[in-house]
Amino acid sequence: MKNKNGIANIYLVLVFLVLYAPIFYLMYYSFNSGGTMHEFEGFTLDYYREVVADTRLMIIMINTLVIALLSSAIATLIAIIGALAIQHVRSRRAKNTLLSLNNVLIVSPDVIIGASFLILFTIVGIKLGFTSVLLSHVAFSIPIAVIMILPHLQEMSPTLTDAARDLGATRRDVLTKVILPIIKPGIFSGFFMALTYSLDDFAVTFFVTGNGYSTLSVEIYSRARQGVSLSINALSTLIFLFTILLVIGYYYLNQRKSRPAMHIAEPVAEAGVPR
């Protein structure tokens with residue numbers, strides 16, 4: 001057993017090395033004063049100053065954050081409604097069909113989704129830019145949020161809502177004081193997953209961005225095609241660190257908001273019985 005655990009640990013370390021080595025290589029040379037990624041000549045922060053001083057890049061970064069936060073919030077709200085609707089479907093065949101349609105959007109190639117949105121916006125007459133990018137990000141974020149929220153609804157005992165109604169709770173009270181507090185970890189998970197997908201999406205965004213509007217992923221791709229610049233390394237490092245902060249914030253909120261099983265029944269009592 002010890003030998004098997006040792007082999008598994010070695011394999012896990014190798015996997016993480018393969019995944020993170022290119023990132024750390026990129027981060028390491030973002031401090032290279034030589035301007036290349038072949039030989040480290042000295043430590044410098046010039047490329048980070050260059051990124052901060054680039055007004056256009058700062059505007060693009062703000063655009064990316066606005067799109068990510070707004071699309072994630074809208075997608076999470078729609079996903080809550082969608083998950084509740086799927087959960088209330090009585091027919092197993094209909095429920096499985098809805099889940100299959102939801103999952104198809106997750107596994108579909110981004111190129112196909114991006115091209116489909118481009119054709120749709122062209123036919124409808126929506127100008128490519130902020131609106132088209134926002135609608136696209138909301139659309140592909142909804143299935144992700146549904147997948148994160150639905151398991152919490154399925155784990156919730158139906159007797160909780162029945163008890164709330166017996167105590168005199170209205171439908172609104174049942175939703176706001178029983179269901180939402182229980183599925184809150186799934187809501188936060190769906191929001192942060194949608195936020196992550198929106199921040200690093202390239203393929204769909206590349207199709208639906210217009211002239212004069214861009215996001216970080218598209219901008220990094222455009223600059224990388226022009227040649228190697230360590231300012232790209234510096235920008236990628238900042239994005240990676242920001243992503244780490246998001247992950248840490250997600251786990252912190254998830255642990256803080258989740259409640260022990262013994263406290264699950266408390267919202268039910270609050271829903272119908274005043275203190």
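None of these values were measured; they are calculated from a predicted model.
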Backbone of Ala68 reached by a side-chain donor or acceptor of Ser71 within 3.5 Å: yes
Asn233 side chain reached by Tyr47 side chain, heavy atoms, under 4.5 Å: no
Tyr20, OH: over 12 other non-hydrogen atoms inside 6.0 angstrom: no
Atom pair CD1 (Ile239) and CE (Met61), whose distance is rounded to the nearest 0.5 Å: 6.0 Å
Residue pairs fulfilling side chain to side chain donor-acceptor pair (under 3.5 Å) with at least one residue in residues 79-97, sequence neighbours excluded: none
Rounded distance (nearest 0.5 Å) linking atom CZ of Phe191 with atom CG of Leu195: 5.5 Å
Pairs touching residues 102-121 that satisfy ring-ring contact (aromatic ring centres under 6.0 Å, His included), sequence neighbours left out: Phe117-Phe121
Hphob cluster co-occupancy, Val52 + Leu241, side-chain heavy atoms under 4.5 angstrom: no
Sequence-distant partners of Val104, side-chain contact (heavy atoms from CB on, under 4.5 Å), two or more places apart: Ser108
Transitive ILVMFWY side-chain link Ile23 to Leu12, under 4.5 Å: yes
Any pair counted as side chain to side chain donor-acceptor pair (under 3.5 Å), so long as it reaches residues 131-147, sequence neighbours left out: His137-Ser198, His137-Thr205
All salt bridge (charged side-chain N to carboxylate O under 4.0 Å, His left out) counterparts of Asp200, not counting sequence neighbours: none
Shared hydrophobic cluster, Ile248 / Phe240 (ILVMFWY, side-chain heavy atoms < 4.5 Å): yes
Any Val146 side-chain heavy atom under 4.5 Å of Ile80 side chain: no
Remaining members of the apolar cluster that contains Ile123, side-chain heavy atoms under 4.5 Å: Ile119
Point-to-point distance, once rounded to the nearest 0.5 Å, from CG of Leu77 to CD1 of Ile142: 10.0 Å
Side-chain heavy atoms of Phe206 within contact of Thr215, under 4.5 Å: no
Close side-chain approach of Thr170 and Arg165, heavy atoms under 4.5 Å: no
From CD1 (Ile149) to CD1 (Ile183), nearest 0.5 Å: 6.0 Å
Contact check, side chains of Val178 and Asp173, non-hydrogen atoms, under 4.5 Å: no
Other cluster members, Leu101 - Ile/Leu/Val/Met/Phe/Trp/Tyr, side-chain contacts below 4.5 Å: none
Candidate pair Ile182 and His152, rule side-chain contact (heavy atoms from CB on, under 4.5 Å), full reasoning: CA-CA 7 Å; Ile182 294 176; His152 292 270; 5.8 Å; no
Other residues, nucleotides, ligands: >12 heavy atoms within 6.0 Å of Phe43 CZ: yes
Partners passing side-chain hydrogen bond (donor to acceptor under 3.5 Å, both in side chains) against Thr44 (at least two apart in sequence or in another chain): Asp46
Euclidean distance, Ile126 CD1 relative to Leu120 CG, rounded to 0.5 Å: 6.5 Å
Qualifying residues under salt bridge (charged side-chain N to carboxylate O under 4.0 Å, His left out), relative to Asp110, sequence neighbours excluded: none
Pairwise side-chain contact, Ile179 with Met156, heavy-atom cut-off 4.5 Å (strictly under): yes
Chi angles and distances behind the side-chain contact (heavy atoms from CB on, under 4.5 Å) call for Leu235, Asp54: CA-CA 11 Å; Leu235 177 60; Asp54 192 336; over 6 Å; no
Proximity of Tyr221 and Phe202 rings by center, below 6.0 Å: yes
Residue pair Leu128 / Leu118, side-chain heavy-atom distance below 4.5 Å: yes
Thr76 and Phe188: CA distance, side-chain angles, deciding distance, side-chain contact (heavy atoms from CB on, under 4.5 Å) verdict: CA-CA 9 Å; Thr76 304; Phe188 278 99; over 6 Å; no
Test side-chain contact (heavy atoms from CB on, under 4.5 Å) applied to Leu65 and Leu216, step by step: CA-CA 9 Å; Leu65 292 176; Leu216 280 176; over 6 Å; no
Minimum heavy-atom distance between Val51 and Met58, given as atom pair plus value: O-CE, 3.2 Å
Joint hydrophobic cluster, Phe16 plus Met27, side-chain heavy atoms closer than 4.5 Å: yes
In one Ile/Leu/Val/Met/Phe/Trp/Tyr side-chain cluster, 4.5 Å: Ile78, Ile81: no
Pairing residues for Leu105 by the side-chain contact (heavy atoms from CB on, under 4.5 Å) criterion, not counting sequence neighbours: Pro143
Spacing of Asp201 atom CG and Thr64 atom OG1 [to the nearest 0.5 Å]: 11.0 Å
Criterion ring-ring contact (aromatic ring centres under 6.0 Å, His included) on Phe140 and Tyr197, from CA distance to verdict: CA-CA 9 Å; Phe140 69 66; Tyr197 271 75; 7.2 Å; no
Side-chain heavy atoms of Leu98 within contact of Asn102, under 4.5 Å: no
Listed partners of Tyr48 passing side-chain contact (heavy atoms from CB on, under 4.5 Å), at least two apart: Ser30, Phe31, Leu45, Ala234, Thr237, Leu238
Partners meeting side-chain contact (heavy atoms from CB on, under 4.5 Å) with Ser214 (sequence neighbours left out): Ile60, Val218, Glu219
